[in-house]
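Notes follow once the structure below has been shown.
Note: hydrogens, waters and symmetry copies are ignored here, and every other heavy atom, side chains too, is used.
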Amino acid sequence: MSPIILLCFLIAYFGVLLSIAHFTSKKSSDNSTFFVANRNAKWYMVAFGMIGTALSGVTFISVPGAVGANNFSYFQFVLGNALGFVLIAYVLLPLYYRLNLTSIYTYLEERLGVKSYKTGAMIFLISRTIGSAFRLYLVAIILQKFIFDAWNVPFIVTIAMCLLLIWLYTNKGGLKTIIITDMLQTFFLLLAVVLSIYFMADGLGISLLEAFETVKQSSYAQIWVMEDFLGSRNHLWKHIIGGAFVTIAMTGLDQDLMQKNLSMRTIGEAQKNMLTFTGIFIVINLFFLCVGALLYIYAAKNQIDLTALRTPDYLYPEIALNYLTVLPGIIFMLGLTAATFATTDSALTALTTSFCVDFLAFNKKADPNAPQLIRQRNYVHAGFSVIMLVVIMVFRIVNDDSVVNAIFTAAGYTYGPLLGLFAFGILTKMRVRDQLVPWISLVSPTIIYLVINTNYLFDLGSYKVGFELIIYNGLLTFLLLLLTSPGKVPEQTSEREIVPQR
């Protein structure tokens with residue numbers, strides 16, 4: 001497909017997003033609008049928009065690409081995710097609403113202490129920056145390969161242009177703008193996956209119903225991995241349990257997605273949003289796996305040399321842009337762009353919110369919407385865009401794996417201590433030695449890394465660690481907090497007595 005056609009599509013797409021940003025921020029662009037959309041968001045709008053944020057370009061590219069090696073075993077992980085979403089709805093959301101939080105990490109300040117609070121917030125900033133950079137990197141390498149390489153545009157310019165455009169349409173309206181743009185981008189994402197299945201079926205010369213039957217009868221449709229618990233990273237229980245805890249950490253303890261839930265008026269609406277989102281999430285992931293199976297079936301039929309691809313992440317764009325007609329290529333680019341930018345714009349807003357509330361204490365100012373604070377927020381927003389640019393360029397140099405694996409591996413180390421901190425605060429009535437918490441949060445992932453990736457401490461033998469990595473990391477953090485605890489929280493300052501953060 002001509003790079004000019006794809007570039008024109010991107011220009012038009014961002015023109016729509018900038019128009020939405022203009023109208024949503026026209027009446028108000030203060031910090032309350034930016035951080036929590038004035039706590040007046042509609043649950044069904046948030047539920048629909050969260051699909052695009054949660055799935056991202058990783059699901060759009062890496063999940064179909066991974067079908068060749070892992071079949072449909074990823075669906076086990078999706079079911080674990082669903083379990084995690086339910087736990088978030090009935091355990092974490094009631095806590096956040098009861099304390100009336102803007103940043104969820106202020107809970108750690110009241111329950112554990114200032115250093116614990118700052119540590120938790122910093123873990124989020126690092127984790128979300130890395131995760132979002134990975135996701136944007138995924139779409140950037142596709143844009144670079146199929147559009148900008150034709151004009152010898154440097155990769156760093158491609159990344160800078162993407163981040164600049166995202167900054168422009170999120171800078172004023174913040175979360176209020178994102179709720180609307182994410183709805184639009186989720187619609188494009190869902191349209192793209194359904195039409196992708198249709199176009200793949202057409203390319204194979206079969207009907208849509210026959211395509212699903214073809215997938216069902218293929219070897220790729222194998223979901224359950226029940227053998228070799230120790231040696232298989234994709235074993236059912238590793239996926240189910242790991243998926244649940246990854247979701248609790250990467251969603252329930254993540255300011256990004258929780259910020260959307262906190263923008264609603266009541267806990268009931270937030271829970272309804274989370275459960276609706278969960279149902280759609282399961283179905284859409286199954287569709288993406290079907291796309292992956294059809295891609296490999298199409299590649300086999302047309303004798304496409306898969307070994308020539310640098311990574312399985314390239315399979316989908318390679319077929320959509322070089323083997324199918326123009327319309328499927330545009331639909332593919334529409335879905336990929338919508339999925340990835342829905343994640344990145346939301347992440348930049350959440351990172352800005354966390355830094356402004358958790359480190360600059362906007363919520364403790366006499367007037368959180370003072371003009372100087374709004375200017376300061378704009379500088380923070382721009383600063384995180386630059387930081388993400390740097391992280392992406394580093395990842396460009398060192399990455400040699402499928403992006404989906406890189407993201408969840410990184411999350412296992414970075415979100416693990418956060419999982420341990422919140423678990424300790426919620427499940428026990430013990431105090432912590434606040435000054436030790438930053439060190440414990442560094443020691444835990446270091447020890448886990450040495451155990452899993454080297455034989456420095458001891459040999460795991462035939463055991464292969466999968467997505468449950470985050471559990472070991474969180475558990476070690478929890479145990480170290482317990483071992484160093486000075487005792488129980490005095491009754492008068494227990495969590496039940498916490499004064500809500502306003």
Please check if any side-chain donor atom of [X] sits under 3.5 Å from a side-chain acceptor atom of [Y], or the reverse.
| X | Y | result |
| --- | --- | --- |
| S218 | Y296 | no |
| Y117 | D358 | yes |
| D305 | T307 | yes |
| N81 | T247 | yes |
| Q255 | S354 | no |

Without swapping roles, check the side chain of [X] against the backbone of [Y] for a donor-acceptor pair under 3.5 Å.
| X | Y | result |
| --- | --- | --- |
| Y105 | L253 | yes |
| Y96 | G252 | yes |
| D202 | Y198 | no |
| Q222 | N70 | no |

Which of parallel (below 30°), tilted (30 to 60°) and perpendicular (above 60°) describes Y13 and F188?
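Tilted, since the angle between the ring planes falls between 30° and 60°.
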Look up atom CD1 in I104 and atom CG in L418, then write down how far apart they are to the nearest 0.5 Å.
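I104 CD1 to L418 CG: 7.0 Å, rounded to 0.5 Å.
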Roughly how far, to the nearest 0.5 Å, is CG of L351 from CD1 of I387?
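The distance works out to 8.5 Å.
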